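Here is the structure we will look at.
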Amino acid sequence: MIIKVCGLREADNIRDVAALPVAMLGFDFRQQSERFVRMISSKAGIIPDYSEQRIASCSRSENLEESFSRSEERGARSENSLVESGEGNLALRSPLAAPRFVGVFADDMPQNIITRIYNYELDSVQLEGDESAVMIDNLRSSVVPDIAPAISIIKTLRVRQTADMLRWKDYEGHADLLLFDIEEKDRVQTLMDAYEGTIPFLLRCGLQPGDAVFANSLHHPLLAGFDLNEGFETTPAVKDVGLLQTFIAELTYF
């Protein structure tokens, strides 16, 4: 079961969340978002630009190593913890391995996405807009193998009624993972039951700290995990690590 914590931005908070048993850390590159990760120009022309909030300072080879060392005390971070899942090249790490970096975009220009894949060493790209299967294929071919040979693509589908689930067919064989955005909690299981595809999916349904029992009640053979964001924040882009830790501990999936 994958736990993805999205909307991160501050270096210290990133390190603290990365020390939890989470599989993915999400960084929002949509300019209209409150959690937007800003870029500042190096003004050198040839040197990559980096985040004003210095996500780059949290690279796996530097500061995050200190955070991950806490996981080693739990017997974590096995180098052999990569697991193939679904069709495509998505490598889903063990929840106790170093988390994957996910960049969130919506109808952005390919060159902007590629720049951020390179600058932030992204493992995955999450597409929140109207991106087509052709766009996904073109993006993948632009970064594989030279820039990001193991990049995975997550496509978000907003599901408000059963008919919306049919859109999965557009991404079969193209996306590595789907993310179903479902607003009404009382319809989550019904809408999930309508999914008949073969791509594993994450679920975003406004989970709050007290929703572990609800999350444990949800079942689908291809439900790969949960996307957590606003419900666990103290302020936009800053997550309450204690609330996350408690919620994850209450999930029976683990």
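As the structure is a prediction and not an experimental result, all values here were calculated from the model.
- When each of Thr235, Asn13, Val17, Thr234 is paired with Asp240, the side-chain contact (heavy atoms from CB on, under 4.5 Å) condition holds for Thr234 and for no other.
- Taken from OG1 in Thr156 to CG in Asp227, the straight-line distance is 7.5 Å, to the nearest 0.5 Å.
- The shortest distance between side-chain heavy atoms of Asp181 and Arg160 falls below 4.5 Å.
- Atom OG of Ser142 and atom CE of Met135 lie 9.0 Å apart (nearest 0.5 Å).
- When side chains are defined from C-beta on, Lys239 counts as touching Leu8, because their heavy atoms get closer than 4.5 Å.
- A 4.5 Å side-chain heavy-atom check between Glu131 and Ile153 finds every atom pair outside the cut-off.
- Residues Glu34 and Glu230 are not in side-chain contact: their nearest non-hydrogen atoms beyond the backbone lie 4.5 Å or more apart.
- Contact check for Leu139 versus Ile114: side-chain heavy atoms found under the 4.5 Å cut-off.
- The CG atom of Leu157 lies 12.0 Å from the CG atom of Leu191; values are rounded to the nearest 0.5 Å.
- No donor-acceptor distance shorter than 3.5 angstrom exists from the side chain of Gln189 to the backbone of Asp193, with no hydrogens or angles considered.
- Counting non-hydrogen atoms of other residues, nucleotides and ligands closer than 6.0 Å to CD of Glu196 gives a total of 12 or fewer.
- Annotation: side chain of Gln208 is in contact with side chain of Lys185 (closest heavy-atom distance under 4.5 Å).
- Considering only heavy atoms from C-beta on, Cys6 comes within 4.5 Å of Val104 through its side chain.
- His219 and Ser217 get closest at one heavy-atom pair: CD2-O, 3.2 Å.
- Annotation: the span from Arg158 atom CZ to Glu183 atom CD amounts to 9.5 Å, rounded to 0.5 Å.
- Remark: Ile136 CD1 to His174 NE2 distance equals 8.0 Å, nearest 0.5 Å.
- Among the candidates Leu177, Ile154, Leu202, the single residue satisfying the side-chain contact (heavy atoms from CB on, under 4.5 Å) test with Gln126 is Ile154.
- Using a 30° and 60° split on the angle between ring planes, Tyr195 and His220 fall in the tilted class, from 30° to 60°.
- What you find for Pro99 and Leu25 is that their closest heavy atoms are CB-CG, 3.7 Å.
- The ring pair (Phe, Tyr, Trp, His ring centres under 6.0 Å) test with Phe27 singles out one residue from Tyr120, Phe36, Phe101, and that residue is Phe101.
- Nearest approach of Pro21 to Ile248, heavy atoms of both residues: CG-CG2, 3.8 Å.
- Within the model, atoms CE of Met24 and CG of Asp123 stand 8.5 Å from one another, a figure rounded to the nearest 0.5 Å.
- The minimum heavy-atom distance linking Glu128 with Lys155 is given by the pair C-NZ, 4.4 Å.
- If you look at Phe232 and Phe247, their ring centroids are closer than 6.0 Å.
- Heavy atoms only, all atoms of each residue included: Leu178 and Ala175 are closest at CD2-CB, 4.3 Å.
- Proximity of Tyr171 to Leu127: side-chain heavy atoms (C-beta onward) are nowhere separated by under 4.5 Å.
- With Arg9 contributing its side chain and Ala237 its backbone, the two residues share no donor-acceptor pair below 3.5 Å.
- Dense packing is recorded around CD of Gln111, with more than 12 heavy atoms of other residues, nucleotides or ligands lying under 6.0 Å away.
- Grouping the Ile, Leu, Val, Met, Phe, Trp and Tyr side chains by contacts below 4.5 angstrom, directly or via other members, places Leu166 apart from Val159.
- Note on Leu251: it clusters hydrophobically with Val241, by side-chain heavy-atom contacts below 4.5 Å among ILVMFWY residues.
- Ala23 and Ile2 make their closest contact through CB-CG2, 3.6 Å (heavy atoms, listed as atom of the first residue, atom of the second, distance).
- Although no hydrogens or angles enter the test, the distance criterion places no donor-acceptor pair under 3.5 Å between the side chain of Thr246 and the main chain of Leu243.
- A donor-acceptor pair under 3.5 Å links the side-chain atoms of Asp107 to the main chain of Asp130, judged by distance alone.
- Residue Ile182 is grouped with residue Met1 when hydrophobic side chains (ILVMFWY) are merged at heavy-atom distances under 4.5 angstrom, including chains of intermediate members.
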